[in-house]
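The structure under discussion appears below in the form of structure tokens.
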Amino acid sequence: MTDAAQGHAGGVRGRAFTGYRIAGALSALLFLVLLAWQAFELFDGDATVAPERGWRAVSSEAAGDDGSGTLASEMLTARTRLQDERFRTGPAPDAETPGRGLPQDMRLEQQDIPRNEALTDAWSRPEGDAASMLHDPGRIVGLSSLPYANAALYERPFARDWRVGLSDVITHMGAIAILGMGFLLSAMLALRGRVPIRKGRSGRKVRRFGYLERTTHWLTAISFIGLALTGIVIAYGETLFLPLGDRVLGTLGWWSTWGHVLFAPTFFLGIAVMAAMWTLGNLPTKLDANWVAKGGGFFSDDGPHPPARKFNAGQKMVFWSAVLGGLVMVVTGVTLMFPFYWLDLGGMAWAMLIHAGIAVLLIAIFLGHIYIGTVGMQGAIEAMWGGDVDRNWAEEHHVLWLQEKDAKEGAR
């Protein structure tokens with residue numbers, strides 16, 4: 001290539017890399033705004049889950065001529081039959097009918113419960129006598145003839161902690177983790193720019209991943225993306241999609257509920273095959289500490305990249321996050337798909353908390369992996385797209401692996 005051609009190619013590449021930095025700056029600004037909004041939601045004082053609808057008793061005249069509401073006598077009778085002793089009320093038609101606490105013509109209507117600080121605190125954070133009654137002995141289990149495993153569980157104060165953990169802590173902290181990772185990656189792209197192949201492309205290719213490795217990678221990646229997107233709809237659908245209308249949220253919710261289950265088997269198959277193929281190559285070594293200390297060579301183009309074999313320390317961290325975190329997700333996910341087969345109600349609550357917490361952490365981690373493999377580093381996506389990488393790229397990022405590969409091929 002002539003000097004003029006090299007200069008032209010360098011100019012085109014420079015403009016392209018500048019475009020990446022501008023896109024990174026705009027993305028960082030967007031993520032920063034979303035992070036500020038999420039922080040406001042976390043500390044604005046209304047994050048506690050509280051009841052929104054309640055019942056009130058009104059006369060038939062007040063309820064209107066349309067007969068709206070539920071006849072109080074019918075509801076109270078039905079509830080009393082469920083709660084009273086079986087031999088007194090029972091399911092038999094001729095059983096004794098319990099007395100009613102309201103007149104015959106009273107109806108029950110639903111109404112909005114006004115949200116105020118006193119109600120929220122009293123309902124969600126009991127204090128004094130109420131707190132002692134709720135947290136000691138912790139829960140009350142009685143007797144029940146209903147055909148349901150947990151019908152005898154009258155009171156479960158741990159549900160308050162579960163509700164706060166799932167609806168407040170994991171929801172907000174998960175959003176901050178995902179948006180925060182997006183902000184950091186965008187800021188890195190804006191400040192550092194795309195990591196280039198320092199020597200430029202050599203035009204010589206090196207086989208890095210075979211067909212089975214690439215197929216397994218994409219099977220796992222596509223399955224996880226499907227799980228992540230459907231999980232986000234389930235967790236954040238009301239915030240993200242309800243403004244678009246009930247029909248939009250309902251349709252996305254229906255597809256996400258079924259899709260979340262359908263993507264699970266292929267995800268498990270993918271991480272199982274990956275574990276079988278790549279575990280030995282991802283065991284920690286002394287090289288990893290040096291790689292981490294030098295930041296993988298991502299923050300500067302000066303000096304050589306830290307040496308690595310087929311997988312560097314960053315790829316190993318992603319691998320173990322996928323395998324170990326994925327196995328936890330599978331175990332807790334199957335537990336939630338088949339409730340109460342091997343865990344009681346308390347165990348199911350913990351399974352849901354762990355499932356949600358690990359999910360948002362994996363999404364944040366894999367965002368970093370996707371960034372490095374696409375816009376963050378020149379030539380990286382070629383490894384998993386076609387299986388071949390440029391020799392200069394391999395020499396810069398995985399020089400020990402390239403030397404081993406050259407030695408094996410030279411010995412043949």
Side-chain angles (χ1 to χ4, degrees), residues 42 47-50 124 134-135 137-142 144 146-178 220 223-240 252-272 274-275 318-367:
L42 181 61
T48 303
V49 177
S124 62
L134 288 174
H135 291 280
R139 71 177 188 176
I140 301 172
V141 178
S144 175
L146 299 178
Y148 178 59
N150 292 289
L153 191 56
Y154 293 153
E155 190 174 286
R156 189 166 63 96
F158 172 71
R160 298 172 184 267
D161 300 328
W162 170 86
R163 182 178 58 250
V164 171
L166 188 64
S167 299
D168 297 337
V169 176
I170 291 179
T171 299
H172 289 293
M173 293 304 178
I176 289 176
I178 295 171
T220 310
S223 299
F224 181 81
I225 291 173
L227 289 170
L229 292 177
T230 54
I232 287 174
V233 172
I234 294 171
Y236 302 101
E238 185 173 357
T239 300
L240 297 177
L252 290 175
W254 189 89
W255 282 104
S256 296
T257 301
W258 285 103
H260 202 69
V261 176
L262 294 176
F263 281 114
T266 54
F267 176 70
F268 173 70
L269 176 63
I271 61 173
M274 281 199 311
V318 172
F319 171 81
W320 289 112
S321 297
V323 172
L324 300 180
L327 288 176
V328 173
M329 293 294 292
V330 170
V331 172
T332 54
V334 171
T335 300
L336 296 173
M337 289 169 59
F338 301 97
F340 306 114
Y341 272 78
W342 48 81
L343 291 179
D344 59 8
L345 195 58
M348 291 297 301
W350 278 112
M352 183 175 290
L353 286 172
I354 294 172
H355 190 82
I358 297 296
V360 294
L361 291 178
L362 286 181
I363 291 175
I365 291 171
F366 290 149
L367 281 177

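Residue numbers run from 1 in the order of the sequence given.
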Point to revise | Check: Tyr236 side chain, Thr171 main-chain N or O, donor-acceptor pair, under 3.5 Å | key: yes
Practice item. Please assess Met173 against Val360 for the test side-chain contact (heavy atoms from CB on, under 4.5 Å), listing each intermediate value before the final yes or no. Key: CA-CA 9 Å; Met173 293 304 178; Val360 294; over 6 Å; no
Review point. What pair of heavy atoms forms the shortest contact from Ala364 to Ala177, and how long is it?
Key: CB-O, 3.8 Å
Study note, to complete from the structure: For Thr335 and Ala351 the tightest heavy-atom approach is CG2-CB, 4.1 Å
Practice item. Apply the test side-chain contact (heavy atoms from CB on, under 4.5 Å) to residues Phe340 and Asp344: give CA-CA distance (whole Å), side-chain angles for both, the deciding distance (0.1 Å), then the verdict. Key: CA-CA 6 Å; Phe340 306 114; Asp344 59 8; 5.7 Å; no
**Study point:** Distance, nearest 0.5 Å, that separates CG of Leu227 from OG1 of Thr266
**Key:** 7.0 Å
Practice item. With rounding to the nearest 0.5 Å, note down the distance linking CZ in Phe366 to OG in Ser321. Key: 6.5 Å
Review point. Does a sphere of radius 6.0 Å around CH2 in Trp258 hold more than 12 heavy atoms from other residues, nucleotides or ligands, not counting ones at 6.0 Å or beyond?
Key: no
Revision key, fill the gap. Rounded to the nearest 0.5 Å, the OG1 atom of Thr257 sits from the CG atom of Leu252 at a distance of 10.5 Å
Review point. Between His260 and Thr230, is there a donor-acceptor pair closer than 3.5 Å when you use the side chain of the first and the backbone of the second?
Key: no
Practice item. Would you mind reporting whether Val261 and Met337 have side-chain heavy atoms less than 4.5 Å apart? Key: yes
Practice item. Evaluate the side-chain contact (heavy atoms from CB on, under 4.5 Å) criterion for residues Leu229 and Trp255: first the C-alpha distance (whole Å), next the side-chain angles of each, then the deciding distance (0.1 Å), finally the verdict. Key: CA-CA 11 Å; Leu229 292 177; Trp255 282 104; over 6 Å; no
**Study point:** From CA spacing to verdict: side-chain contact (heavy atoms from CB on, under 4.5 Å), Thr332, Trp350
**Key:** CA-CA 9 Å; Thr332 54; Trp350 278 112; over 6 Å; no
Check your understanding: If you round to the nearest 0.5 Å, how far is CG of Leu362 from CG of Leu367?
Key -> 11.0 Å
Practice item. Starting at CZ of Phe224, measure out to CE of Met329 and round the result to the nearest 0.5 Å. Key: 7.0 Å
Revision key, fill the gap. One should read off an interatomic distance between Leu324 CG and Phe319 CZ, to the nearest 0.5 angstrom, of 8.5 Å
Check your understanding: Val330 and Ile271: which non-hydrogen atoms are nearest, and at how many Å?
Key -> CG2-CD1, 4.4 Å
